[in-house]
Undergrad: 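Please see the structure below; I have some questions.
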Amino acid sequence: MKNQFVCVSLLFFCSLSANSQRIIDIQSFINMCFAERNIISVAQLKKKNYELNYQIFKSSISPSISVALNGPSYTNKISPITQPDGSVNNIVVKNLNSSIGVNVNIPINIIGGSLSFQSNISGYGYYKDDYVRKNFSVDYFDISIRQPLSFFQENRWNNKISIADYNESIIKVNESIFQEKANIINIFFEILICKNKIKEAEQQIVIYDTLIKRVKQEIDLGRRLIEEKYELELKKQELNIEIELQKQKYNNYIYSVLNDNVIEYSDSLVCPKIPNIVINENDLEYKITQKIEQKHLVSKLNILKSRTKLKRNILSSTYISVSMGISSSSPDINQLNDMKVSNYASGINATITLSNISTNKKEKQRNELQNIIEENAIQEEIKQQKVKLYNNINQLSIQRERMNILSLKSTLLTDKLRKQIDKYAMHRILIDDINDTLDKILLNEINKISAIKEMFLTLCNIEYQTSVSIF
């Protein structure tokens with residue numbers, strides 16, 4: 001009987017049944033949840049959406065080509081013409097108009113100007129009775145340059161801001177993935193604790209069944225009181241209630257991340273070992289700094305853009321324009337080539353509002369203040385995140401040490417349980433002593449799982465801080 005007790009007690013260290021359908025480790029569980037909830041797919045769609053937004057912006061500042069076609073437009077109407085004697089003569093007027101043109105606009109982002117090219121041909125016809133009047137016009141080409149004297153590079157600044165905005169959006173998507181990962185890991189360990197409690201309770205029931213059988217025999221021999229049997233049966237009932245409660249919690253956790261047909265209760269969830277990951281502190285510090293600066297880059301660029309624009313604000317409405325081309329016009333389409341004329345034009349347009357000089361000065365001061373505030377916010381956030389990083393690294397060390405202590409405690413409790421079972425068989429201790437040790441063993445196993453969980457969640461925190469996958 002003593003050997004039977006010892007064999008049963010050893011079951012406490014078998015985490016789950018050997019007859020399980022599948023063995024699921026933490027990485028497999030994460031992958032299953034990601035696939036079931038389309039987390040990666042949704043993240044990829046978000047990234048694609050941000051990429052398309054950037055491409056749309058790029059298209060808006062890229063060279064553009066447009067083709068315009070008007071007509072042929074035919075008009076036949078009566079036009080009242082007032083005569084010198086005051087009478088009105090109604091004349092039938094017939095007009096035919098048509099034109100086609102091509103326009104190309106090329107932004108010159110490096111100097112903030114633009115280059116345009118256009119070509120156009122049009123025809124006009126006037127018909128009245130037997131009288132016909134025609135005219136044809138051709139702009140063979142017309143090239144023009146428009147250059148603000150401020151040389152403010154609007155498109156280049158907007159492009160930088162758009163790229164920074166895209167990168168910031170990608171960081172937010174990655175953060176959402178790491179948050180989901182941390183949530184899934186937390187649920188994995190909670191499920192593991194539920195299954196561990198259920199298994200431990202089932203194994204304790206086996207022990208109590210054996211003890212009840214033994215106590216019944218000794219009651220018949222007059223060696224024990226019947227109250228001891230009732231006490232054991234009551235403890236067994238409490239364990240059965242605990243099993244049902246833990247099964248309900250288990251199902252709730254499963255339903256929160258997976259469909260009920262993805263993981264069966266008979267599947268074996270394997271508690272991972274202590275993560276053996278080398279932490280490069282300098283590399284992580286660099287990643288944190290890089291991420292924070294990237295998250296603030298849009299604000300930073302907007303401030304720098306405003307500062308540059310304010311410096312050149314007095315010339316913002318002043319620009320020069322130069323154009324040249326060849327055109328022709330003739331009532332005979334066959335004579336257009338003989339009527340070619342070269343066109344040249346240039347000019348300076350300037351608008352200077354003196355009343356804005358004082359306002360610009362104040363705006364410059366405000367801009368400088370905004371830049372200082374933003375820079376201080378960046379440095380303060382970097383400082384705080386580095387403190388959190390080292391707290392997380394220290395937390396890993398603390399949990400490793402905690403695991404060493406819990407493992408040693410587990411060995412001591414196991415040895416204590418063996419000895420108590422021997423003593424109980426010899427009527428030297430009460431069943432309460434065994435109950436107390438069984439509870440401590442269960443609590444110690446749960447604490448071991450919790451310590452490993454805290455280590456994985458701490459790694460998730462580091463991943464969130466750096467946007468770099470560690471495991």
Undergrad: Side-chain contact, heavy-atom cut-off 4.5 Å: Gln399 with Ile274?
TA: no
Undergrad: How long is the gap from CG on Leu284 to OH on Tyr390, to the nearest 0.5 Å?
TA: 8.5 Å
Undergrad: Under 3.5 Å, is there a donor-acceptor pair between the side chain of Ser410 and the main chain of Leu406?
TA: no
Undergrad: Is it true that a side-chain atom of Ser162 and a backbone atom of Asn159 form a donor plus acceptor pair closer than 3.5 Å?
TA: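 It does not hold such a pair.
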Undergrad: Using only heavy-atom distances, determine whether the side chains of Gln370 and Glu374 contain a donor-acceptor pair under 3.5 Å.
TA: no
Undergrad: Do the side chain of Asn252 and the main chain of Gln248 share a donor and acceptor less than 3.5 angstrom apart?
TA: yes
Undergrad: Taking all heavy atoms of Val104 and all of Ile106, pick out the closest pair and write down the distance.
TA: CG1-CG1, 4.0 Å
Undergrad: For Ala182 and Leu457, which heavy atoms make the closest approach, and how far apart are they?
TA: O-CD2, 3.4 Å
Undergrad: Can you check whether Asn302's main-chain N or O pairs, donor with acceptor, with Ser306's side chain at less than 3.5 Å?
TA: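 The answer is yes, because a donor-acceptor pair under 3.5 Å joins these two groups.
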Undergrad: If you compare all heavy atoms of Ile171 against all heavy atoms of Ser467, which two are closest, and at what distance to 0.1 Å?
TA: CG2-OG, 4.1 Å
Undergrad: Say whether, by atom type as modelled, one donor and one acceptor occur between the side chain of Asn251 and the main chain of Lys247 under 3.5 angstrom.
TA: yes
Undergrad: Ion pair present between Glu368 and Arg307, side-chain N to carboxylate O less than 4.0 angstrom?
TA: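 Not counted as a salt bridge, because no side-chain N and carboxylate O are separated by less than 4.0 Å.
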Undergrad: Can you check side-chain hydrogen bond (donor to acceptor under 3.5 Å, both in side chains) on Glu380 and Gln384, steps first, answer last?
TA: CA-CA 6 Å; Glu380 182 63 25; Gln384 291 178 359; 3.2 Å; yes
Undergrad: Is there a donor-acceptor pair under 3.5 Å between the side chain of Ser119 and the backbone N or O of Asp139?
TA: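 Yes: the side chain of Ser119 pairs with the backbone of Asp139.
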Undergrad: Quick one: do the Lys295 and Asn167 side chains pair a donor with an acceptor below 3.5 Å?
TA: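 No, Asn167 and Lys295 have no side-chain donor paired with an acceptor closer than 3.5 Å.
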Undergrad: Does Met339 CE have over 12 foreign heavy atoms under 6.0 Å away?
TA: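 Open: at most 12 neighbouring heavy atoms sit under 6.0 Å from CE of Met339.
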Undergrad: Looking at side-chain heavy atoms only, is the closest gap between Phe34 and Ile184 below 4.5 Å?
TA: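 Result yes, sub-4.5 Å side-chain heavy-atom pair found.
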Undergrad: Does atom CG of Asp85 have more than 12 heavy-atom neighbours, drawn from other residues, nucleotides or ligands, at distances under 6.0 Å?
TA: yes
Undergrad: Does a donor on one side chain and an acceptor on the other come within less than 3.5 Å for Tyr140 and Asn337?
TA: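 Distance-only check passes for Tyr140 and Asn337.
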Undergrad: Is the number of heavy atoms from other residues, nucleotides or ligands within 6.0 Å of CD1 (Ile65) greater than 12?
TA: no
Undergrad: Will you find, in the side chains of Asn392 and Gln465, an N or O donor that is under 3.5 Å from an N or O acceptor?
TA: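 Looking only at side-chain atoms, Gln465 and Asn392 do form a donor-acceptor pair, the distance falling under 3.5 Å.
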Undergrad: Minimum heavy-atom separation for Cys33 to Ile39, with atom names?
TA: O-CD1, 4.3 Å
Undergrad: Once you round to the nearest 0.5 Å, how far does CD1 of Ile26 lie from CG of Asn31?
TA: 11.0 Å
Undergrad: Identify the two heavy atoms, one from Ser327 and one from Asn343, that lie closest to each other, and give their separation to 0.1 Å.
TA: OG-ND2, 2.8 Å
Undergrad: State, yes or no, whether a side-chain contact exists between Ile320 and Arg146 at a heavy-atom distance under 4.5 Å.
TA: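 A side-chain contact under 4.5 Å is absent here.
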Undergrad: Salt bridge or not between Glu180 and Arg37? Use side-chain N to carboxylate O under 4.0 Å.
TA: yes
Undergrad: Nearest 0.5 Å, what's the CD-CG distance between Glu281 and Leu389?
TA: 7.0 Å
Undergrad: Will you find, in the side chains of Asn367 and Lys305, an N or O donor that is under 3.5 Å from an N or O acceptor?
TA: no
Undergrad: Is the shortest heavy-atom distance from the side chain of Ile243 to the side chain of Glu202 under 4.5 Å?
TA: yes
Undergrad: For the backbone of Asp142 and the side chain of Gln118, can you confirm whether one donor and one acceptor N or O come within less than 3.5 Å of each other?
TA: no
Undergrad: Roughly how far, to the nearest 0.5 Å, is OG of Ser28 from CG of Leu269?
TA: 9.5 Å
Undergrad: For Lys409, look at atom NZ and say whether over 12 heavy atoms of other residues, nucleotides or ligands are found less than 6.0 Å away.
TA: no
Undergrad: Kindly indicate, with the supporting measurements, whether the criterion side-chain contact (heavy atoms from CB on, under 4.5 Å) is fulfilled by Lys181 and Tyr464.
TA: CA-CA 10 Å; Lys181 182 178 178 181; Tyr464 182 87; over 6 Å; no
Undergrad: So, taking the atom named NZ in Lys287 and the one named CD1 in Ile292, what distance separates them when rounded to the nearest 0.5 Å?
TA: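 Between Lys287 NZ and Ile292 CD1, I get 14.0 Å after rounding to 0.5 Å.
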Undergrad: Mind checking whether Glu242 and Gln204 have side chains closer than 4.5 Å, heavy atoms only?
TA: no
Undergrad: For Gln379 and Glu375, test the side chains for any donor-to-acceptor distance below 3.5 angstrom and give the result as yes or no.
TA: yes
Undergrad: Counting C-beta onward and ignoring hydrogens, is there a side-chain heavy-atom pair between Glu36 and Val257 closer than 4.5 Å?
TA: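 Counting from C-beta outward, Glu36 and Val257 never come under 4.5 Å.
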Undergrad: Less than 4.0 Å between a side-chain N and a carboxylate O, is that true for Lys199 and Glu445?
TA: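 No, this pair does not count.
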Undergrad: Indicate yes or no: does Lys172 engage Glu168 in a salt bridge with an N to O separation below 4.0 Å.
TA: yes
Undergrad: Ignoring hydrogens and geometry, is there a side-chain-to-backbone donor-acceptor pair from Asn183 to Gln179 under 3.5 Å?
TA: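 It does not hold such a pair.
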Undergrad: Do Asn174 and Lys47 pass the side-chain contact (heavy atoms from CB on, under 4.5 Å) test, and can you show the C-alpha distance, the side-chain angles, and the key distance before you say yes or no?
TA: CA-CA 10 Å; Asn174 291 334; Lys47 289 181 180 180; 3.2 Å; yes
Undergrad: Is there a donor-acceptor pair closer than 3.5 Å between any side-chain N or O of Arg402 and the backbone N or O of Ile452?
TA: no
Undergrad: For side-chain contact (heavy atoms from CB on, under 4.5 Å), just list the numbers for Leu258 and Phe29, CA-CA rounded to whole Å, side-chain angles, deciding distance to a tenth of an Å, and then say yes or no.
TA: CA-CA 10 Å; Leu258 292 169; Phe29 186 80; 3.9 Å; yes
Undergrad: Indicate the ring-plane relationship of Phe471 and Phe456, choosing parallel, tilted or perpendicular according to the 30° and 60° boundaries.
TA: perpendicular
Undergrad: Of the non-hydrogen atoms in Asp332 and Phe136, which two are nearest, and what is the gap between them?
TA: C-CD1, 4.3 Å
Undergrad: Please tell me if the side chains of Ile193 and Ser450 come closer than 4.5 Å, counting only heavy atoms from C-beta onward.
TA: yes
Undergrad: Rounded to the nearest 0.5 Å, how far apart are CD1 of Ile405 and NZ of Lys448?
TA: 13.0 Å
Undergrad: Might you work through the side-chain contact (heavy atoms from CB on, under 4.5 Å) test for Asn53 and Tyr166, ending with a clear yes or no?
TA: CA-CA 8 Å; Asn53 287 338; Tyr166 168 77; over 6 Å; no
Undergrad: Considering only heavy atoms from C-beta outward, does the side chain of Asn196 approach that of Leu442 to under 4.5 Å?
TA: yes
Undergrad: Cut-off 3.5 Å, side chains only: do Gln385 and Glu381 have a donor facing an acceptor?
TA: no
